[in-house]
Amino acid sequence: MPELPEVETTRLGIAPYVEGREIVEVRVRNRRLRVPVPEDFEQRLIGARVGCVTRRAKYLRLPLASSEGEGTLLWHLGMSGSLRIARVGDLPKKHDYVDLVTGEGFVLRYHDPRRFGFVDWQQGDGTEDTRLAHLGPEPLSEAFDGAWLYRLSLGKRMAVKPFLMDNRVVVGAGNIYAAEALFLAGIDPRRAAGRISKARFDRLALAVKDVLAAAITQGGTTLRDFVSGQGEPGYFAQKLNVYGRQGEPCRRCGQPLKRIVLGQRASVFCPGCQR
DNA sequence: ATTTGACCCTGCATGC
DNA sequence: TGCATGCAGGGTCAAA
């Protein structure tokens, strides 16, 4: 579930239950995530207090302060990970792999069937982590615009969709939203990145911002029942124009949407509207 | 240097 | 019903 809007929704949902709270118990049921859970994970966390939860790209950062010093949890949800708030006594389900229990009796519970996600402890504030060091700009920041895309695209022969999904170019443009943004901008996902004009990249950057901002807004509706543990992300209800709609008529021109594979990822687009 | 492809892992839908 | 196949929201790494 975790595209950037879902990670942001997760951050907003868990923050009130963990910020300023002390971790009194840690349970790890499976250490074999994409990055193995460190051996001293539990010992580092017990007795620590959680600071302000932040997000960078699709990573969540939970700063920790204890008598031992300062550290940071770096949490990535991978393809199938989710963080929910449960209560002490709620039994873990299959693939519930990590629990952080606070003094108030809430449990931050990590669920990840495919185990492509991870949680890692870093000394300090975590900003020096190599996984974060080479990330491109946040899509909703001013640093990300058409000029930035155009500059990076010069000389690039790769297709624009995998280009847009490259985390060094911009973070948070996952497979759903890359496809949606390219549709909104009217750009064929197969087009070589280096053969797109500045004006068209201006449109594309705005489309990325629009679609992500709209999805975050809709993800917010999920927050209401976040604690009760029910509910799929609200943004799923949004009207996707192309993602998952191969063979169905284009909402704009009516002709059937086409599915191809780019960079091992399914890519749906309208051959009429996207050039 | 850029770009492509294999791989990490489980669950689900589909078709025989 | 059982089994094989393909596919899934992400990211890393090695090889071409």
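Every chain is numbered from 1 and lettered A, B, ... according to where its sequence line falls, protein lines coming before strand lines. Since this is a predicted model, take the numbers as computed values, not measurements.
- Within 4.0 Å (heavy atoms only), A/Tyr59 reaches sugar-phosphate atoms of the nucleic acid but no base atom.
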In the 5'-to-3' direction, what one-character label does each nucleotide of nucleotides 7-12 of chain B receive under the scheme B = base within less than 4.0 Å of a protein heavy atom, S = sugar-phosphate only, - = no such atom? -BBBS-
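- The hydrophobic cluster containing A/Leu262 also includes A/Ile260, A/Phe269, under a criterion of side-chain heavy atoms closer than 4.5 Å among ILVMFWY residues, counted directly or through chains of members.
- In this structure, A/Asn167 reaches the sugar-phosphate backbone alone: every heavy-atom distance under 4.0 Å involves primed, P, OP1 or OP2 atoms, never a base.
- Closest contact between the side chain of A/Ile176 and the listed nucleotides C/dG9, B/dT4, C/dG10 involves C/dG9.
- Separating the P atom of C/dT5 from that of B/dC7 is a span of 16 Å, rounded to the nearest Å.
- Counting to the nearest Å, the C1' atom of C/dG11 and the CG atom of A/Leu4 are 15 Å from each other.
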Pairing pattern in dot-bracket form [Watson-Crick, G-U; both distances under 3.5 Å; | = partner strand] for DNA chain C: .|||||||.|||||||
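- As rounded to whole Å, 12 Å separates atom P of C/dG9 from atom OH of A/Tyr177.
- Rounded to an integer number of Å, the gap from A/Gln218 CD to C/dG9 P is 19 Å.
- Using a 3.5 Å distance cut-off with no hydrogens or angles, the side chains of A/Asp112 and A/Ser80 do pair a donor with an acceptor.
- Shortest non-hydrogen contact noted between A/Ala178 and A/Met165 is CB-CG, 3.6 Å.
- With a 4.5 Å cut-off on side-chain heavy atoms, A/Asp120 and A/Tyr59 do not count as touching.
- Contacts of A/Arg157 with the nucleic acid, taken as non-hydrogen atoms under 4.0 Å apart, involve only primed sugar atoms and P, OP1 or OP2.
- Atom-to-atom, CG of A/Leu164 to C1' of C/dG10 comes out at 15 Å; the value is rounded to the nearest Å.
- Between the P atom of C/dA8 and the CZ atom of A/Arg265 lies a distance of 8 Å, rounded to the nearest Å.
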